[in-house]
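Here is the structure we will look at.
Every chain is numbered from 1, with letters handed out A, B, ... down the list of sequences. Just so you know, these numbers come straight off a predicted model, no measurement behind them. Computation of the quantities below employed the complete heavy-atom set of this structure, encompassing side-chain atoms and omitting hydrogens, waters and symmetry-equivalent molecules.
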Amino acid sequence: MASKNRLDKIVSLSKARGFIFQSSEIYGGLSAVYDYGPLGVELKRKINKAWWTAMTRKHDNIVGLDSAILMHPKVWKASGHVDSFSDPMIDDKQSKMRYRADILIEEHISKLREKGNEEHADHIQSLLDSAGTRSSMNEDLYAIIMEEQIKSPDSGAFDWTDVRQFNLMFKTQFGATASGEESEVYIRPETAQGIFVNFTNALNTTRQQVPFGIAQIGKAFRNEVVARQFVFRMREFEQMEMQYFVKPGTDSEQYQRWKEERIAWHKSLGIRPSKLRFHDHPEDKLAHYAKEAVDIQYEFPIGWQEVEGIHNRTDFDLGAHQEHSGKKMEYFDPSSQERYIPYVVETSIGLDRCLLMVLCDAFQEEEVPGDKEGTTETRTVLKLHPKLAPVTAGVFPLMKKPELKELAEKIKVDLSDEFDVQYDEKGSIGKRYRRQDEAGTPFCLTVDFDSLEDQKVTIRDRDTMKQERVEISKIDPYLRAKIKTWSPEEGQ
RNA sequence: GCGGGUGUAACUCAAUUGGUAGAGUGUCAGCCUUCCAAGCUGAAUGUUGCGGGUUCGAGUCCCGUCGCCCGCUCCA
């Protein structure tokens, strides 16, 4: 209960301070779509940049890409999305429970086999297999359930709705005058395919040799049946993906290496290590393309949830595109004189989820000494890593006096080349500190009357609330050093 | 999509058995103030999610719709 409350508080703070708003709020909102406000966009950009830097700038063999959201419909046929990115569902009208129609039938078949009705089981299996073509699949599956009188596992009732298809890909019309199925295109449900279809382009233009990677950040869209829990599961979201092309046989080793490298990146964002863990996918739950898969999970207020997925995709994707497009997706290895389709190790992280993780990890309510002797009050503070904080430093005149304002504004302007700095003179000094605490601003610089004489300012630390006098000319290196050496407090 | 709950100011919440919407916080202006949400004065903000209906009268009752929460389901 306390943890649910905690997410609610984070949602409220996000709205009140301008991190995240619901989309189209004035019209009642659009389900599972969110907008980033003035602080949110800065935080998102900094996370985005941290990932891009870690991936491309720090790896000579990883190159960037920005592929289009709209792609040829055959891409999604080849990738398997058209066939398996949708599920036939059926509801038990009595218990209101929902089941996947194909799985109900499969369970029915295995029961038949247990009872020794092999022949009948084979027959149903072949019906199930041939139910394939998507247009009539729902009717076919429904017919099997009716024919076999398959009952609901929970209620035992035989009272079903129709079988309905829940396709998770958005569609749109391509071309102004176009109509009909021929002109339909999908809005990408993942960014990975944009990388695969550009594999040979990247290879031919960058002089890269296997192993090498292609990194991309971009929007993806999924028409989720249920999309809830704030920005954790959205219909429009942003992915940061890197596909690493390796020689077959080295894939497992590379997969292990990327596991370690990726979790280290999460820690570099200042996420407390105790809140991060790996979660391996059991073999029988693997996606159709994957040989090995692991999630990096974070302990959100709603429990342990996936933030990033690392997959050994084998040659499934390049192989499928080679088959469907008729274009060679092979790599010629100059040292071994071999020709092969590379295996792919994928790292795929949700930017929005990552941002939510950063917010959740930073959010704290502290009891601090209150106004009167012996009392306490609650301080809400986002202990964000300084390199991610939307505002790096606040600059305040201690009071609204012209000479203090002048110096404070000058310091603000000077620092703005290097840092995100915000000037504030409204309200008492304590109130300004607390405002910045809620925005996650790690440093507040205050100009007082002594500053005019000694050319020093007071720098107040967000986390410890301690103050230090620093020469104005040394603020820049002071902030740099602090940003570099910051680490989160465990506990809590 | 189904079932249950819910929707009042930017935020957190009030508003008797249906009787003309308020408080705190926040925001803004001014005064005061030499370092952690201080004080004083003043100000702005709502077609009570939206649309219908019942009624002399609806934030309160009914229907629809949208959003949110919980459960089911799903999660490449």
Suppose you measure atom [atom1] in [N] against the same atom in [M]; what distance do you get, rounded to whole Å?
N      : M      : atom1 : result
A15(B) : G52(B) : C1'   : 25 Å
U27(B) : C68(B) : P     : 28 Å
G42(B) : G51(B) : P     : 36 Å
U65(B) : G22(B) : P     : 33 Å
C63(B) : U54(B) : P     : 15 Å

So does [X] get a side-chain nitrogen or oxygen closer than 4.0 Å to the phosphate oxygens (OP1/OP2) of [N]?
X         : N      : result
Ser31(A)  : C68(B) : yes
Lys431(A) : U27(B) : yes
Gln22(A)  : C68(B) : yes

Exercise. Can we say Asp437(A) and Arg379(A) salt-bridge, meaning some charged N sits less than 4.0 Å from an Asp/Glu carboxylate O?
Worked result: yes
For this session: Indicate, yes or no, whether a donor-acceptor pair under 3.5 Å links the base of C36(B) to the side chain of Arg379(A).
Result: no
Problem set entry | Distance-only donor-acceptor test (3.5 Å): side chain Arg233(A), base C75(B) | yes
Exercise. Which atoms form the tightest heavy-atom contact between Asp420(A) and Pro390(A), and what is the distance?
Worked result: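 The pair with the smallest heavy-atom distance is CB-O, 3.4 Å.
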Exercise. Any side-chain donor paired with an acceptor under 3.5 Å for Glu306(A) and His279(A)?
Worked result: no
Exercise. Cationic tip of Arg262(A) within the cone over Trp265(A)'s six-membered ring, i.e. under 6.0 Å and within 45° of the normal?
Worked result: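 Output yes; distance and angle both within limits.
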Check the interface with nucleotides 9-13 of chain B: list each N/O to N/O pair with the protein under 3.5 Å, or write none.
unit_1: C11(B); atom_1: OP1; unit_2: Lys15(A); atom_2: NZ; d: 2.2
unit_1: U12(B); atom_1: OP1; unit_2: Ser12(A); atom_2: OG; d: 3.2

For this session: Identify whether any heavy atom of Thr378(A) sits under 4.0 Å from a base atom; if not, whether one sits that close to sugar-phosphate; answer base, sugar-phosphate or nothing.
Result: base
Exercise. Using a cut-off of 4.0 Å on non-hydrogen atoms, how would the nucleic acid contact of Glu346(A) be classed: base, sugar-phosphate, or nothing?
Worked result: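 Here Glu346(A) touches no strand at all.
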